[in-house]
There are 2 protein chains.
Amino acid sequence: MARNVRTYDHFCVLARALEAVGDRWSLLVVRDLLSGPKRFTDLMARLGGITPKTLTQRLRELEDAGVVEADREPGRREVRYQLTPAGRELRSAVDELAGWGWRHAWRSPRSGEVIHAEHLLLVMSQVLSHETGDRRPTRWHLRFVDDGEYTMEDDGEQWSMVSTAPGGPVDVTVVGTMAAWADFVRDPTTARASGSSADLELSGSEAAVDRFTQLVGQFRQAVASHPSRRP
Amino acid sequence: MARNVRTYDHFCVLARALEAVGDRWSLLVVRDLLSGPKRFTDLMARLGGITPKTLTQRLRELEDAGVVEADREPGRREVRYQLTPAGRELRSAVDELAGWGWRHAWRSPRSGEVIHAEHLLLVMSQVLSHETGDRRPTRWHLRFVDDGEYTMEDDGEQWSMVSTAPGGPVDVTVVGTMAAWADFVRDPTTARASGSSADLELSGSEAAVDRFTQLVGQFRQAVASHPSRRP
DNA sequence: CTGGATCCATGATGATACTG
DNA sequence: CAGTATCATCATGGATCCAG
């Protein structure tokens, strides 16, 4: 008789947690739902490489575990998946793992590796939270015409990111394409000086925009100079 | 061409971390090494259900990821596996996941579920850290004649556990078998009153032993009254 | 005895195509 | 849009065996 591969049968809280969210892809689904509710196809797009079969299975398992709930309204095609309160409580565990990943498992992107706005902003939150000294309550609004709308926020303690419009006054607003944003992260001055259609529009007070540019620059440098284990 | 199942190819720190420690069993290996170095067979005993093939594979992968290092000394039979500094930095992530597991994924032990001293002490650390108000620097020394030696310690911020002898003065020393300890956790007064060979020896000041008994009792109650999702 | 390696069976995942 | 169906491949578990 084969043991159930979905359990560990250990008397251990960590094993229990991993039975709920330790399967391949599970925590990445949680990651993408931490920034807000998503539809099945939204998740498919962000979880590059997952198959619909596996995504369906993970969503069902996460529902059973009380981590995810599906919002199905009659008369509406879309199903909106969102985290339950228990699921939202995974944020600190995800942050700790992400922080460790940045410090010890980072590597430069491989060719063909798709860069999603949300994931870039997640790395950025980690780096800005832990590797810059310039901290004060700050709110940025980023609108990617081809990849949704995000708010990045420093409450003075840590940076976080959600995929909704800001819930208060913003210091800087960024509008443009995802590609322009990637360019800007790669080299702020060039991207800003160029007059091409790939430009980003930055608005806000001069001081706030300067600080934004500076922090993005620090992030860029951190990524560039990171002692990746496998470059 | 099949994608490599061991990578996600996301530009994402969390995905990078999960490529290193997200495989089945990996974080449980880290869990068991967080309390100190272990031999292959020690790990086999604690990771109930893992096969030697899988454990070998996980250890090699964790070595490649820079999380684990093998200490092979010439002329010595044993191989001692231990965490690297990067591996030790996984403690906070493991703690966060374990805390979530206690709050949202706990269930009573199934019949046949092996209880290991270390794992019981890990749950206990979580519960004492987060569900009791009675906090002060405390150090307990537990010697299980059949399952090693452990130190549990509250630095005033949180409880932790290592599988070594204490590095300082202890408030309470516990000596006995694993079974006696399990009995004691189940019902302190009965186990203590009984004169059977299953007894635990508790030593320390009367106040310290009383407090120990009381905290274990709180843990026992927490486990008993826990609103398990699947009892 | 420790620290594995080998063989086979089964379950989990991926690729691709298709449907209500 | 939100999945199913089918087939192929890979990872894991169970059992057994082996070298130092």
Side-chain angles (χ1 to χ4, degrees), chain A residues 1-10 15 18-29 32-33 37-64 68-82 112 114, chain B residues 1-10 15 18-29 32-33 37-64 68-82 112 114:
Chain A
M1 180 112 79
R3 278 180 83 236
N4 187 346
V5 178
R6 315 218 73 83
T7 68
Y8 289 105
D9 295 336
H10 287 196
L18 292 174
E19 288 173 1
V21 299
D23 286 316
R24 184 163 160 80
W25 297 107
S26 289
L27 275 180
L28 298 183
V29 172
D32 286 339
L33 291 178
K38 301 276 181 301
R39 297 172 303 173
F40 190 89
T41 40
D42 295 333
L43 290 170
M44 282 294 293
R46 282 166 181 76
L47 295 164
I50 199 173
T51 64
K53 176 180 176 175
T54 303
L55 179 55
T56 300
Q57 194 178 329
R58 287 298 167 275
L59 286 169
R60 297 292 167 270
E61 290 161 3
L62 290 171
E63 284 186 81
D64 289 346
V68 163
E69 60 192 4
D71 176 9
R72 304 162 194 273
E73 281 191 23
R76 181 159 53 79
R77 285 183 76 80
E78 302 91 3
V79 182
R80 298 173 68 78
Y81 291 98
Q82 53 189 323
V114 180
Chain B
M1 179 110 81
R3 278 180 83 233
N4 187 346
V5 177
R6 315 217 74 83
T7 67
Y8 288 105
D9 294 335
H10 287 194
L18 292 175
E19 287 172 0
V21 298
D23 285 314
R24 183 163 164 79
W25 297 109
S26 290
L27 275 180
L28 298 184
V29 172
D32 287 338
L33 291 178
K38 302 275 181 304
R39 296 173 305 172
F40 190 89
T41 41
D42 295 333
L43 291 170
M44 281 295 291
R46 283 166 179 77
L47 294 165
I50 199 173
T51 63
K53 176 180 179 177
T54 303
L55 179 55
T56 301
Q57 194 177 330
R58 286 299 167 274
L59 286 169
R60 297 293 166 272
E61 290 162 2
L62 289 171
E63 284 187 80
D64 289 345
V68 163
E69 59 192 6
D71 176 8
R72 305 162 193 273
E73 281 191 25
R76 181 159 53 78
R77 303 178 69 78
E78 300 91 5
V79 182
R80 299 171 66 78
Y81 291 98
Q82 55 190 321
V114 180

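Convention: sequence-line order gives letters A, B, ...; per-chain numbering from 1.
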Set of side-chain contact (heavy atoms from CB on, under 4.5 Å) partners for [X], sequence neighbours left out:
X       : value
B/Glu69 : B/Gln82, B/Thr84
A/Asp42 : A/Lys38, A/Arg39, A/Arg46
B/Ala70 : B/Glu63, B/Arg72, B/Val79, B/Tyr81

Residues which pass side-chain hydrogen bond (donor to acceptor under 3.5 Å, both in side chains) with A/Glu78, listed by chain and number, not counting sequence neighbours: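 With neighbours one apart ignored, the set is empty.
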Taking only the side-chain nitrogens and oxygens of [X], find out if one of them lies under 4.0 Å from OP1 or OP2 of [N].
X       : N      : answer
B/Arg72 : C/dG3  : no
A/Thr54 : C/dG14 : yes
A/Arg58 : C/dT13 : yes
A/Gln57 : C/dA12 : no
A/Tyr81 : D/dG3  : yes
A/Trp25 : C/dG14 : yes

For A/Arg77, salt bridge (Lys or Arg N to Asp or Glu O under 4.0 Å) partners two or more places apart: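 Not a single residue meets the salt bridge (Lys or Arg N to Asp or Glu O under 4.0 Å) criterion with A/Arg77.
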Selected nucleotide, minimal atom distance to A/Arg24 side chain, candidates C/dG4, D/dA2, C/dT13: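 Among C/dG4, D/dA2, C/dT13, the one nearest the side chain of A/Arg24 is C/dT13.
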Given D/dC1, D/dG3, C/dG3, the nucleotide with the shortest approach to the side chain of B/Phe40: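 From the listed options, C/dG3 comes nearest.
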Bending between helix ends of the helix from C/dC1-D/dG20 to C/dG20-D/dC1 [5 pairs per end, 10° resolution]: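 End-to-end axis angle: 40°.
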